[in-house]
Amino acid sequence: MLARYNPQEIEPKWQQRWAEDKLYEVSDSDPRPKWYALTMFPYTSGDLHIGHWYAMAPSDVHARFKRMQGYNVLHPMGFDAFGLPAENAAIKRGIHPFTWTMQNVVNMRRQLKSIGAIYDWNREVVTCLPEYYKWTEWFFLKLYKHDLAYRAKAPVNWCPQCQTVLANEQVLEGGFCERCGAGVTHRDLEQWFFRITKYADELMQHDGIDWPERIKIMQRNWVGRSEGTEISFALDHPGVAEKEILVFTTRPDTTFGVTFMVLAPEHPLVAKLTAPEKKAEVEGYIARSRRATEIERLSTEREKDGVFIGAYVVNRLNGEKVPIWIADYVLMSYGTGAVMGVPAHDERDFAFAHRYNLPIRVVVAPSDWDGGELEEAFIGSGVMVNSGQFDGIPSEAGIDAVTDFLAEKGWGKHTTSYRLRDWLISRQRYWGAPIPIIYCEQCGIVPVPEKDLPVLLPEDAEFKPTGESPLKYHQKFVNTTCPKCSAPAKRETDTMDTFMCSSWYFLRYTSSECDTASFEADRVKSWLPVNLYTGGAEHAVMHLLYARFFIKAIRDIGLVDFGEPFTRLFNQGVIIVERQKMSKSRGNVITPDEYVSELGADAVRTYLMFIGPWEQGGEWDDSGISGITRWLNRLWNLVLTGYRRSKDVSPEVRQNAERELSRFTHQTIRRVTDDMERIRFNIMIAALMEFANYLAKVAETGAVSPSAWEEAIDSLLRLLAPTTPHLAEELWQRTGREYSIHNQRWPQWDEELAKEEEITLVVQVNGKLRDRKVVPASITEVEAMQIAAESTRVQPYLEDKKIIKRIYVPGRLVNFVVK
RNA sequence: GCCGAAGUGGCGGAAUGGUAGACGCGGCAGUCUCAAAAACUGUUGGGGGGCAACCCCCAUGUCGGUUCGACUCCGACCUUCGGCACCA
């Protein structure tokens, strides 16, 4: 009696054996070529959900595939452990963020082990441990020293009721505090930034890296480079030192059409320029705009409103007085925080001018223009009019002509502007890596000396529900002495954005036990850059852009010798539940644990890969998982039920059957290998299913020799090993093969053996399918044409018609175009 | 709103300019069984025709275009998903 497939028994057994044998321990000195397969590490949210499995299981399959191909594979795992939810747990449930996080780590590590992946746990990193964040702080000091970190004012969400800073996530739709419901406003704080904009141009380049086109496009749009002109408008206002306001425009050719100027409400000149009688209105408008989110402010659908502040600038090109307005569709963080209003040639300005009855002056004439008023903004090109000495010039040429003229006069210059802003890393929170800076009254900003790192998070911080950053009220933490002059001084109480922790964790995996450096240079040199980085598509822009910036920055500092951290990138799609992204706060989390304990890790791994293209993700639906379980059972029975050769098979039939078996085997190896390389897991599984179905038929007929059968089974098991590591190992052992299958080589295919002998030739008339003919693969064009023309199914469509064209696609079809 | 994707049987999907629906789920019929479950076998896009082997027409979100030929390329629109800088 054949034993039943029992994953509950074999999976723990092999996981234990592999661990005992240290099968997946990675050696740095292994002479084989290296392959670094990195999966984005999970945030320590508490439980591994099915979305995590969707990220981890397929990437493990690919890493195992590379391993069998003969690479020394590093496929590490760790935890992104700082962040907001830990602090929320502290406030809500009175549990310390460290305790909460480490409990989660323990649970998630256990869950991760159930996947049956090749993680080498000796290399695990946990970003909230001092031995890790010491080096996060160290990197901050490096960036600071090389002038890549600076302080500036920036707005934060502020709840006046709770007296606290809120994350965007904590602000409900309509701008209300999630905790108390009060209206959230923005408040400016002095904060730390990294100069990512210094690398804007380089970040737009993705030369030499194999990334999905859509991700590259998103990153380029995020950086948003735009060529234009900075124009100075003359300012002469009593009691104001500034003598100009700068604007950025991509359309200097329309400068003669300026009829107003718009400043961002946050613009520093607004307070100085506002006329006394306008003060109340302006301040009211500013207060309102401080409550709007950036998405709201930039929406092109929202009605543009604004307020005249009662002051003017002068357009130097024509000497005209131009009224200054403020409007919240202008952001302080883009360009110069000021735009010139050219209603005739910009849609937003047109709407704005209409609303407030501002003049609309045409300065670029549309080709069919009658000199009258415009129905809508004309944003195309034409001939310049009403533009002084530039009249008659085509507006495209006018862009340079006006810019050159302005530059000559010292009134402007060609410049490049970016949508990308510098990276704000300050967080007014406890649970993050402290920013290692000390403020001394005498010496100013003083970095913590490297020998004093890490700046430790105090364990006994208070998590008052209405407080600000707990560090701010922790006297022992705040009060220190200046490293330079030893006078009493205060520590920075903000911590770092967690994207900082995740910008270098992949370096740490190479040297996780090293306590004398952030990483060992020779180990990073041999492992990095990462060969294949996989993770959620939700990280397409921010994390991936920050990590690229970080590596470029430390390359220029001289710490690494490469500029791109991830050679190949693959973003899997998002698993959604009830049409929404899975998240604890939405309460729609699907845990894999029950599936794993009931059906086994191999079944869950396989199912997740089978449900569709990995990059697409999709709605979670477990209705098909039984198909995978059935298939694994069939594989078990197929391999373990002894093969019986049929006696009444002629030598000729046997020879044909064996040739066909070998062809199918080699075609399958080719398909599976190709699908693995191209990360097309769903059709890879389908190919394996087809192979297994075919083998079942072969077993039924018994037409091939036992040795031919064994050869096919051998290939099948090797092809299965990455996807179903436990099942493959068990079957490998039960069929008397040498432990471990995971140290075996990936099978090779022979192109000759895989070759088809026959093809189906499709015959079309005017592109419509009319017949199919099975013909030898070696058929010539002349033969194919003849067979096609002679087809009795095709003939009726050719009668009384003239063939005007014959199309032949070798190995595929013949198409007669008739009239 | 802006940026990036996706839309194909009852369902997940396959087909990357050349046979639409591979593979799987579900359904239906059968085998086994006292019965059921499991397992196995067959069948399964819609409509029409034929006793039958089969044949014809329609069909890839909507509308239009390019091409001998379009799920695939181009344009417009609709719907859904991801991101929008403090969730990570």
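In the text below, chain A, chain B and the rest are named by the order of the sequence lines, each starting its count at 1.
On the P atoms, B:C81 is 23 Å away from B:A88, given to the nearest whole Å. Comparing the P positions of B:G50 and B:C63 gives an interatomic distance of 32 Å, to the nearest angstrom. For B:U44 and B:U62, the C1' atoms lie 29 Å apart once the distance is rounded to whole Å. B:G26 and B:G10 have their C1' atoms separated by 7 Å, with the value rounded to a whole Å. Nucleotides B:G17 and B:C55 are separated by 29 Å at their P atoms, to the nearest Å. One C1' atom belongs to B:A22, the other to B:C73, and the distance between them is 24 Å to the nearest Å. Straight-line distance between the P atoms of B:U80 and B:U8: roughly 14 Å, to the nearest whole Å. For the C1' atoms, the distance linking B:U67 with B:C74 amounts to 12 Å, nearest Å.
In this structure, A:Ser45 reaches neither bases nor backbone, as no heavy-atom distance under 4.0 Å exists between it and the strands shown. Backbone-only engagement by A:Arg634 is indicated by non-hydrogen atom pairs under 4.0 Å involving sugar-phosphate atoms exclusively. Residue A:Arg671 is out of contact with every strand shown, counting any heavy-atom pair closer than 4.0 Å. Looking at heavy-atom distances under 4.0 Å, A:Arg214 makes contact with sugar-phosphate atoms alone, never a base. Among the atoms of the strands shown, none is found under 4.0 Å from any heavy atom of A:Val171. Counting non-hydrogen atoms under 4.0 angstrom, A:Ile611 reaches the backbone sugars and phosphates but no base. Using a 4.0 Å heavy-atom criterion, one finds that A:Phe549 contacts no nucleic acid atom at all. Across all strands shown, A:Ser623 has heavy atoms under 4.0 Å from sugar-phosphate atoms exclusively, and none from any base. Within 4.0 Å of A:Gln191, counting heavy atoms only, lies at least one base atom of the nucleic acid. Counting any heavy atom pair closer than 4.0 Å across all strands shown, A:His543 reaches no nucleic acid atom. Residue A:Trp631 is out of contact with every strand shown, counting any heavy-atom pair closer than 4.0 Å. Among the atoms of the strands shown, base atoms are found under 4.0 Å from some heavy atom of A:Phe610. Counting non-hydrogen atoms under 4.0 angstrom, A:Leu688 reaches nothing in the nucleic acid. At a threshold of 4.0 angstrom between heavy atoms, the contacts of A:Pro42 with the nucleic acid are absent.
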For RNA chain B, what dot-bracket results from Watson-Crick or G-U pairs at under 3.5 Å, with [ ] for crossers and | for inter-strand partners? (((((((..(((.....[....)))((((((.......))))))(((((....)))))..(((((..]....))))))))))))....
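Salt bridge status for A:Glu213 with A:Arg220: present, with a side-chain N to carboxylate O gap under 4.0 Å. Using a cutoff of 4.0 Å between basic side-chain nitrogens and carboxylate oxygens, A:Arg151 and A:Asp494 are not scored as salt-bridged.
For the residue pair A:Trp423 and A:Met500, the shortest heavy atom distance occurs at CZ2-N, 3.7 Å. Between A:His186 and A:Asn157 the shortest heavy-atom distance is NE2-OD1, 3.2 Å. Between A:Ser791 and A:Lys773, the shortest heavy-atom contact is CB-CE, 4.0 Å. A:Leu638 and A:Ala692 make their closest contact through CD2-O, 4.1 Å (heavy atoms, listed as atom of the first residue, atom of the second, distance). A:Val577 approaches A:Asn588 most closely through the heavy-atom pair O-ND2, 3.4 Å.
Applying the ring pair (Phe, Tyr, Trp, His ring centres under 6.0 Å) test to A:His539 and every residue at least two apart in sequence or in another chain returns A:His543.
In B:G82 the base sits anti relative to the sugar, since the glycosidic angle is further than 90° from 0.
No side-chain donor from either of A:Gln616 and A:Gln572 sits under 3.5 Å from a side-chain acceptor of the other. Side-chain contact check for A:Ser502 and A:Asp80: no donor-acceptor pair (N or O, by modelled atom type) lies under 3.5 Å.
The 5' end of RNA chain B is approached more closely, in terms of each residue's nearest nucleotide, by A:Gly618 than by the other of A:Gly618 and A:Asn633. Mapped onto RNA chain B by nearest heavy atom, A:Pro155 and A:Val541 fall at different nucleotides, with A:Val541 at the one closer to the 5' end.
Sorted by first then second residue, the side-chain hydrogen bond (donor to acceptor under 3.5 Å, both in side chains) pairs that include residues 627-638 of chain A, not counting sequence neighbours, number zero.
In this structure, A:Ser503 contributes its side chain and A:Phe550 its backbone to no donor-acceptor pair below 3.5 Å.
Taken residue by residue, residues 807-819 of chain A places heavy atoms nearer than 4.0 Å to RNA chain B at A:Ile807, A:Val809, A:Arg812, A:Leu813, A:Asn815, A:Val817.
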Cut-off 3.5 Å, no hydrogens considered: what does the side-chain donor-acceptor table look like for residues 676-688 of chain A, sequence neighbours left out?
unit_1   : atom_1 : unit_2   : atom_2 : d
A:Glu677 : OE1    : A:Lys66  : NZ     : 3.4
A:Glu677 : OE2    : A:Gln69  : NE2    : 3.4
A:Arg678 : NH1    : A:Asp674 : OD2    : 3.3

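A nucleotide of RNA chain B counts as in contact with chain A when one of its atoms lies under 4.0 Å from a heavy atom; the first and last such, 5' to 3', are B:G1 to B:A88.
Between A:Trp614 and A:Tyr54, the ring planes lie perpendicular to each other; the angle is over 60°, past the 30° to 60° tilted range.
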